[in-house]
Amino acid sequence: MPVNKQLDRALRQPASTAPSKQHESARRQARLLKFLAMQTKDVMTKLVLTVSRQLTLRELEHLFETHDFNGFPVVEEHHLIGIVTKFDFLKNFVFTPSTVYPHYDDLMKRTVEEIMIKKVCTVHSTTPLTRVLQLMVETRDKSFPVTDEKNRLVGIVSRGDIVRALKG
């Protein structure tokens with residue numbers, strides 16, 4: 001291609017396009033490299049709202065209405081003993097032809113201990129965020145309690161935390 005045509009083509013392209021795209025690409029790459037080095041403690045929520053195993057479903061329902069959380073860690077003496085989610089709550093209202101229709105008030109008197117998940121997937125504060133993301137994809141869990149070596153709850157990490165970390 002003759003030099004004049006190359007120059008003509010270059011003049012028709014906005015001068016700021018190439019450098020800004022390169023700059024934006026470099027910023028994205030830097031954010032990704034930062035994410036790859038992050039640990040759970042860098043993004044987790046440290047003050048976690050927890051529930052006890054004696055909490056009734058009526059009280060749990062109120063907490064779900066008040067807070068926009070998917071679930072609550074169940075804690076006893078600072079130790080994680082389970083987790084209870086909106087899904088666990090809703091499963092109590094699934095009725096089949098073989099079940100007897102229970103009285104609503106009787107259902108709401110049940111306790112968290114009766115419906116909570118006892119085998120909880122947890123992470124540690126030093127777990128790399130890449131591993132947390134991998135676990136979220138594999139398990140489809142929306143959040144993980146963060147525990148120390150003695151299974152004491154020290155925080156929680158959610159999908160939203162991961163998204164914010166990716167944004168930088």
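For reference, positions follow the sequence shown, starting with 1.
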Would you say [X] and [Y] are hydrophobically clustered, going by side-chain heavy atoms of ILVMFWY under 4.5 Å?
X: F93; Y: F87; answer: no
X: F144; Y: I83; answer: no
X: I117; Y: I115; answer: no
X: L32; Y: V163; answer: no
X: V84; Y: I81; answer: yes

Donor-acceptor pair, [X] side chain versus [Y] backbone, under 3.5 Å?
X: R31; Y: K167; result: yes
X: T139; Y: D141; result: yes
X: H78; Y: L153; result: no
X: N151; Y: L80; result: yes
X: S25; Y: K21; result: no

Within a reach of under 6.0 Å around [atom1] of [X], are more than 12 heavy atoms found that belong to other residues, nucleotides or ligands?
X: H79; atom1: NE2; answer: yes
X: K142; atom1: NZ; answer: no
X: K91; atom1: NZ; answer: yes

Next on the checklist: Looking at every heavy atom in both E113 and K118, which two are closest together, and how far apart are they?
Outcome noted: O-NZ, 3.9 Å

Checklist entry - Looking at S158 and S143, what are the two nearest heavy atoms and their distance? => result CA-CB, 3.8 Å

Spacing of [atom1] belonging to [X] relative to [atom2] belonging to [Y], to within rounding of 0.5 Å:
X: L129; Y: Q39; atom1: CG; atom2: CD; value: 8.5 Å
X: K109; Y: L57; atom1: NZ; atom2: CG; value: 12.0 Å
X: N70; Y: R159; atom1: CG; atom2: CZ; value: 8.0 Å
X: F89; Y: F64; atom1: CZ; atom2: CZ; value: 7.5 Å
X: M136; Y: I162; atom1: CE; atom2: CD1; value: 5.0 Å
X: D42; Y: S125; atom1: CG; atom2: OG; value: 9.5 Å

Does any part of the side chain of [Y], heavy atoms only, come nearer than 4.5 Å to the side chain of [X], both counted from C-beta?
X: V43; Y: V157; answer: yes
X: F35; Y: T130; answer: yes
X: N92; Y: R110; answer: yes

Checklist entry - When you look at T147 and V120, which way does the side chain to side chain contact (heavy atoms under 4.5 Å, CB included) test go after all the steps? => result CA-CA 11 Å; T147 57; V120 181; over 6 Å; no

Item to check | V154/K46 under side chain to side chain contact (heavy atoms under 4.5 Å, CB included): CA gap, chis, key distance, verdict | outcome: CA-CA 6 Å; V154 296; K46 293 177 182 149; over 6 Å; no

Item to check | Chi angles and distances behind the side chain to side chain contact (heavy atoms under 4.5 Å, CB included) call for T126, T40 | outcome: CA-CA 6 Å; T126 57; T40 302; over 6 Å; no

Next on the checklist: Would T111 and L55 count as a side chain to side chain contact (heavy atoms under 4.5 Å, CB included) here? Give the steps.
Outcome noted: CA-CA 5 Å; T111 64; L55 194 75; over 6 Å; no

Checklist entry - Between E61 and R58, is the closest basic N to carboxylate O distance under 4.0 Å? => result no

Next on the checklist: Exactly one of T85, L60, V112, I156 should register a side-chain contact (heavy atoms from CB on, under 4.5 Å) with F72. Which one does?
Outcome noted: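 So the option named by the test is L60.
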
